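See structure below.
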Amino acid sequence: MAFFTHLTRRSLAQSAAMANAIKNVTVIGSGLMGAGIAQVAAQTGHSVTMVDIDPVAVGKAEKRIADSISRVAKKKFGEGDEATKFVSESLSRLRTSTDAVASVESADLVVEAIVENLKTKKELFSKLDNAAPAHTIFASNTSSIPIAKIAEATNRLDRFGGLHFFNPVPVMKLLEVIKTSETSQATADAITAWGKAMGKAIVHCKDTPGFIVNRVFVPYLLSCIRLLDEEVATRADIDLAIKLGLEYPMGPLELLDYLGIDTIYNICKEWREAYPDMPEFQIPPLLERMISEGRFGKKIGKGFYDYKDQVVFG
Ligand code: 3HC
C-alpha cells in the first residue's frame with residue numbers, strides 16, 4: 001500500500017512537473033481549431049503565440065477569441081469583476097504573429113493546426129525544426145494524416161506526437177493524445193499532462209486512421225451526405241431524424257456546415273491517399289460538387305444551408 005502511495009505521489013509529482021514544463025505554447029494556424037486551441041491555452045495560464053501567414057485571418061481569429069472568452073467568462077463567473085479579470089488576463093497571455101519560424105524560438109510546445117495537407121505540414125515542420133530549441137515538443141492537430149508521416153520532416157521523432165482537439169475547442173471536453181512508435185514516453189507524458197492542464201479529458205490512441213472518434217464520426221457524416229444525394233429524405237429531415245432519434249446536439253448536415261465542408265473534404269482526401277484500401281473514407285459525389293461550387297459551410301455563408309447573416313470569415 002505504502003509502495004503504491006509512494007508511486008502515485010511520484011507520478012503525480014512527475015505529471016505536475018511536466019505540465020509545469022510546458023509554459024510557452026505556439027499554435028500555428030488561426031482557423032477555428034487553431035484559434036480555439038490558442039484561446040483555451042491562454043485561458044488556462046499558458047503564454048501563447050498564435051501564428052498565421054495571413055494577417056487578415058489573425059485579426060478575425062482575435063475577434064472570435066475575444067467573443068468566445070467572454071462567453072466562457074460569463075458561464076464561469078457571471079457578469080462581475082471576476083469575469084472581466086478572467087477575460088483581460090487571458091487575452092494578455094495571447095500574442096499573435098505572422099512569422100512561424102520566429103515564434104517557436106522560445107516555445108516549449110508547438111501545436112500545428114493548419115490545412116490538412118501532408119506536403120504543407122511537412123514543409124512547415126521542417127522549417128520549425130531548425131528554429132525551435134532542442135527541448136521543444138512538436139504536435140499536430142491533424143484529423144486524418146498519420147502523425148509519423150508528418151514527423152518524418154523533422155529530426156525530433158521522439159519529441160513529436162498528435163494532439164487532436166474537437167470543435168468548438170472551448171466547449172468540447174475531449175482531447176485525443178497520439179503516440180507514434182517513435183514518440184518517447186516522456187513526450188507522451190508531457191503532452192498528456194499539458195492536455196489535463198488545458199482542462200481536457202484525455203484518451204490515448206495509436207497512430208491509426210481517424211484515431212478513435214473520426215474513425216467512426218467521418219464515415220457517419222459521409223453516410224448522411226449519401227442519404228441526401230440519393231434523395232432518401234430532405235436535408236431538414238435527415239438533421240431532425242439524427243438529432244432527435246439519437247439525441248445528438250446537432251444534425252449531421254448542420255454540423256458539417258459548422259465544421260467546414262472544405263475541412264471534411266480535405267480530411268477525406270488525405271485519408272484516401274494515406275489509406276486507399278479503406279472504403280469507408282470514399283468521398284460522396286455530392287461532397288465533391290459542394291467543393292466545386294464553393295459551398296464551404298457556415299464560415300463563408302453557404303453550405304447545406306444558407307447563412308447570409310452569420311458569416312464568420314466573410
Ligand atoms: N466559445 C465558448 N462557448 C461556447 C462556444 C464557443 N465558441 N460555442 C458555444 N458555447 C457555449 C455557450 O456559451 C453555451 O453555454 P451555456 O450552456 O452556459 O449557455 C453552450 O456552449 C451552448 O451554446 P449555444 O447555446 O450557443 O448553442 P448550442 O446549445 O446549440 O451548442 C454547440 C452549440 C456547443 C456547438 C453544440 O451544438 C454542439 O456540441 N455541437 C456538436 C459539436 C461537435 O460534435 N463537435 C465535434 C466535431 S468533430 C471534430 O471537431 C473533429 C474534427 O477532426 C472533424
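Ligands are counted one by one from 1 in listed order, and the atoms in each one are counted from 1 as well. The structure displayed is predicted, hence computed values, not measured ones.
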- Grab the two heavy atoms, one from Leu228 and one from Leu286, that are nearest each other, plus how far apart they are.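 Nearest pair, atom of Leu228 first, then Leu286: CD2-CD2, 3.8 Å.
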- Step by step, work out the salt bridge (charged side-chain N to carboxylate O under 4.0 Å, His left out) result for Lys119 and Glu123. CA-CA 6 Å; Lys119 188 164 168 277; Glu123 280 167 8; 3.4 Å; yes
- Mind jotting down which residue pairs meet the ring pair (Phe, Tyr, Trp, His ring centres under 6.0 Å) criterion with at least one end in residues 99-130? Sequence neighbours excluded, please.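 Sorted result for residues 99-130: Phe125-Phe138, Phe125-Phe160.
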- Query: Mind checking what residues have non-hydrogen atoms under 4.0 angstrom from ligand 1?
  - Reply: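 Within the 4.0 Å shell of ligand 1, which is judged on heavy atoms, sit Ser68, Arg71, Val72, Lys75, Ser143, His164, Phe166, Asn167, Pro168, Pro170, Val171, Met172, Asn214, Phe217, Pro249, Met250, Leu255, Tyr258, Leu259.
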- Going by heavy atoms in the side chains, are Phe304 and Asp239 under 4.5 Å from each other?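 No, every pair of side-chain atoms sits at 4.5 Å or beyond.
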- Residues two or more places apart in sequence or in another chain: which of them pass salt bridge (Lys or Arg N to Asp or Glu O under 4.0 Å) with Asp207?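 None.
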- Task: Kindly write out the residues that satisfy salt bridge (Lys or Arg N to Asp or Glu O under 4.0 Å) with Lys122, not counting sequence neighbours, or none if the list is empty.
- Result: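 For Lys122, the residues satisfying salt bridge (Lys or Arg N to Asp or Glu O under 4.0 Å) (neighbours in sequence not counted) are Glu152.
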